[in-house]
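Below, chains carry the letters A, B, ... as their sequence lines are ordered, and counting in each starts from 1. From a predicted model like this one, the values you see are computed outputs, not experimental measurements. Because only heavy atoms are used, hydrogens play no part in the values below, and waters and symmetry mates are left out as well, while side chains stay in.
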Number of protein chains: 2
Amino acid sequence: MTEGRGATGASSDGTAAASSPRGGAARVTLRDVSRLAGVSTTTVSHVINNKVGARIGDDARRRVREAVEALGYRPNATAANLVKGQSSFIGLVADSIATTPFAGQIIRGAQDEAWRLGYTLLIANTEDNADAEAEALGMMLAHQVRGILFSTWYHREVTLPAGLSEVDHVLVNCYASDGVRAVVPDEVGGGRAATELLLAQGHRRIAFLNTTTPSPARRGRIAGHREAMAVAGIDVDDELVIDTAPDQEGGFVAGQRLADLGVTGVCCHNDRVAMGVYDALRERGLAVPDDVSVVGFDNQEVIAAHLRPPLSTVALPHYELGVQGVRLLMGVEDFPAVGPLRVACPPIGRSSVARPRVGTA
Amino acid sequence: MTEGRGATGASSDGTAAASSPRGGAARVTLRDVSRLAGVSTTTVSHVINNKVGARIGDDARRRVREAVEALGYRPNATAANLVKGQSSFIGLVADSIATTPFAGQIIRGAQDEAWRLGYTLLIANTEDNADAEAEALGMMLAHQVRGILFSTWYHREVTLPAGLSEVDHVLVNCYASDGVRAVVPDEVGGGRAATELLLAQGHRRIAFLNTTTPSPARRGRIAGHREAMAVAGIDVDDELVIDTAPDQEGGFVAGQRLADLGVTGVCCHNDRVAMGVYDALRERGLAVPDDVSVVGFDNQEVIAAHLRPPLSTVALPHYELGVQGVRLLMGVEDFPAVGPLRVACPPIGRSSVARPRVGTA
DNA sequence: GTGAAAGCGCTAACAC
DNA sequence: GTGTTAGCGCTTTCAC
């Protein structure tokens, strides 16, 4: 304890800051500050952390502040976390972060809210690979995260990686069979909203282009559609519920059949499908929205806002999902008694819906 | 040092794991492992970290492994980092993470490479707000990051936040006036590549739709265009270099003028402009690529790959930018003697370029 | 080959 | 109001 301080101890002569051109942060410690300020480390710790209930004299407080300034002191979170046995990290493991803007929005929402609550997000991108998941989890656990958000870029069921159970967690945009806490979009409500966009303008003969992929979206949106139609007192003509691939090509193919079906409006599984429908309709000489009104889903900005005409659609609440995820995790928000927390999918009106040419209302 | 261990020492009776239902990771420490294995903490540390040159007996090694397994021990990175004075974090501060897929790709590239090198990315989203930047920096510095990547979602000049200089850093997709290390896309090369896509098919009368926004992209791409034209022995007709807003609307407006200019091909500032050009051309009864060949820029997947016909374009190397950013930061890669590191923008051939109808070559 | 012991920089009792 | 002190869990000389 008396010798062997050569290595690092030597740095405490007051002006070690910025001396190491590359590598870590400043090497000024809280101890250096306490010395300069002529107070104990406890006092410094208290003023730095704005500890409430710590009675510190105005003078001491000022001297500490000045010393911090003079030395360019930066607290070492590592040391603080070690003592507290807890970090201020929240882990977010995502199956994708750039494939679509969706995952990005979840991350952004989670980040903003975490930040607001004083936490930092530790993000890991697994590309849905189990090894990466395990490694990411290990890393997060090693860093003493407060909890973990497990998210997917599209709404689906997942199997949880082992190890997730070692820590508090909530699923975002996905769910697991058993009672694992989760936040997901309200697909049924979304399907209802999409349909209502058309219903409100007086449409009654409405096609519904569903995806061929089994998923909560496939099941939920059509259910919402049927609900809305029922409320409007319209029988759903099953001929108008068409399964098609959830992309432009699928929309194009299904769109070609629309002209012969005598519909005045169509709900598409997503914006890309709507984009294909636009193309198909145009080829048949039909105008949107004058001949056929079109509603998308997802509110994928780059498509929806810039199609000609701009597409009315229903937004997936990714940002909100991220926000709620951390609120739930941190206990700021409460879970419903049963099932996942469902977040509303708000309708976004643009210009692809008009009153039907031949009034049918 | 002989007493006072009551507080926490009590937890080490062997089976403290998983006792705290929520909150941190397991409370099993390396010390618990050493006791179970009947070795010293030093030995445990060595085998856990696969310390090379540490001579550990096969038997001891095995016993440690078993103890780790039995106890479900997880190393505490916080403690390790404290001792080492360095974390295995690399900070990435981005001005956006979800506005476009661009930022996401940078993050993904950086993440993948960091992971490969044994580091974890600490990501902060500042939305270009100075306060958020300062806070993010402080947080990263507090966590003893090894270095910081400062990135922007579009290529531009930035002013560095104070504090960045306290730590090793490199700019990604942006640059600062002085000699700050940076990685950026090679805009000139990209402009050349876009033009060559057309030149290679025999086009000679080529329009260039430039953005109205001053930027490296605006300056670089046209320069590359001129270079390529010069190499092909073609004088650039300045009437064919048109400034227009860098979005669909801008492309639509400029696209309408194209028909009267007698061009057979057009280079667009980006894919959204190309999208607008498609619309304008179609309105004038012109087909892509039969009447006019179109080349975009950005390779914004959701647009480029799904326009009808799919758009030939030039990709912005965001993923690669992220990768190179961490390689440069970590010294795995060397910087050019002068200026930023420029990463190539590769051409992506799809179906919007064909030989001109009236051969002009 | 293995272990003892000294801290990394900080927080939190607790004493004064 | 302020200071002393005992560690947080780990790595790392250095001794044997």
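In this entry the distance linking CG of B:D32 with P of D:dC10 reads 9 Å, nearest Å. D:dG7 atom P lies 17 Å from atom CZ of A:R31, rounded to whole Å. Protein atom CG of B:L30 is 13 Å distant from nucleotide atom C1' of D:dT12, rounded to whole Å. Rounded to an integer number of Å, the gap from B:L71 CG to D:dG9 P is 14 Å. In this structure, CG of B:D58 is placed 9 Å from P of C:dT2, rounded to the nearest angstrom. The interatomic distance linking B:R63 (CZ) with C:dG3 (C1') rounds to 13 Å, in whole Å. Look at CZ on A:R35: it is 12 Å from P on C:dC10, rounded to the nearest Å. Summarising the geometry, the separation between CG on A:N81 and P on C:dT11 is reported as 9 Å, rounded to the nearest angstrom.
Residue B:T43 places at least one side-chain N or O closer than 4.0 Å to OP1 or OP2 of C:dG3. Listed pair B:K51 / D:dT12 meets the phosphate criterion, a side-chain N or O lying under 4.0 Å from OP1 or OP2.
Summary of the strand contacts: A:K84 and B:H46 both lie near DNA chain D, and taking for each the nucleotide with the nearest heavy atom, the more 5' one is attributed to A:K84. Mapping B:T41 and A:V83 onto DNA chain D via the closest heavy atom, the residue that lands nearer the 5' end is A:V83. Nucleotides of DNA chain C nearest to B:D59 and B:L82 differ in position, and the one nearer the 5' end is that of B:D59.
Residue pairs satisfying the side chain to side chain donor-acceptor pair (under 3.5 Å) criterion with at least one member in residues 115-124 of chain B, sequence neighbours excluded, are listed as follows: A:E135-B:W115, B:E113-B:R116, B:Y119-B:R146.
Among the protein residues, B:A77 comes within range of no part of the nucleic acid, since none of its heavy atoms lies under 4.0 Å from any strand. Across all strands, B:N49 comes closer than 4.0 Å only to sugar-phosphate atoms, never to a base (heavy-atom distances). Contact annotation for B:G53: no contact, since no heavy-atom pair falls under 4.0 Å across all strands.
No N or O donor and acceptor, one from the side chain of B:S45 and one from the base of D:dT12, sit under 3.5 Å apart. Side-chain to base pairing of A:T42 with C:dA12: one donor and one acceptor N or O lie within less than 3.5 Å of each other.
Ion pair B:R63/B:D59 flagged as a salt bridge, since at least one NZ, NE, NH1 or NH2 atom sits closer than 4.0 Å to an Asp/Glu carboxylate oxygen. Using a cutoff of 4.0 Å between basic side-chain nitrogens and carboxylate oxygens, B:D168 and B:R181 are scored as salt-bridged.
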Practice task
Please lay out, stage by stage, how B:H143 and A:N76 fare under the test side chain to side chain contact (heavy atoms under 4.5 Å, CB included).
Solution key: CA-CA 6 Å; B:H143 286 291; A:N76 181 331; over 6 Å; no
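Side-chain proximity of B:I56 to C:dT2, C:dG9, D:dT2: nearest is C:dT2. The nucleotide whose nearest atom lies closest to any side-chain atom of B:Y73 is, among C:dC10, C:dA12, D:dC10, D:dC10. The side chain of A:S40 sits closest to D:dT2 out of C:dT11, D:dT2, D:dG9.
Among B:V145, B:L149, B:V180, the one residue that satisfies the side-chain contact (heavy atoms from CB on, under 4.5 Å) test with B:H169 is B:V180.
Using modelled atom types, one finds a donor on one side chain and an acceptor on the other under 3.5 Å when comparing A:T43 with A:S40.
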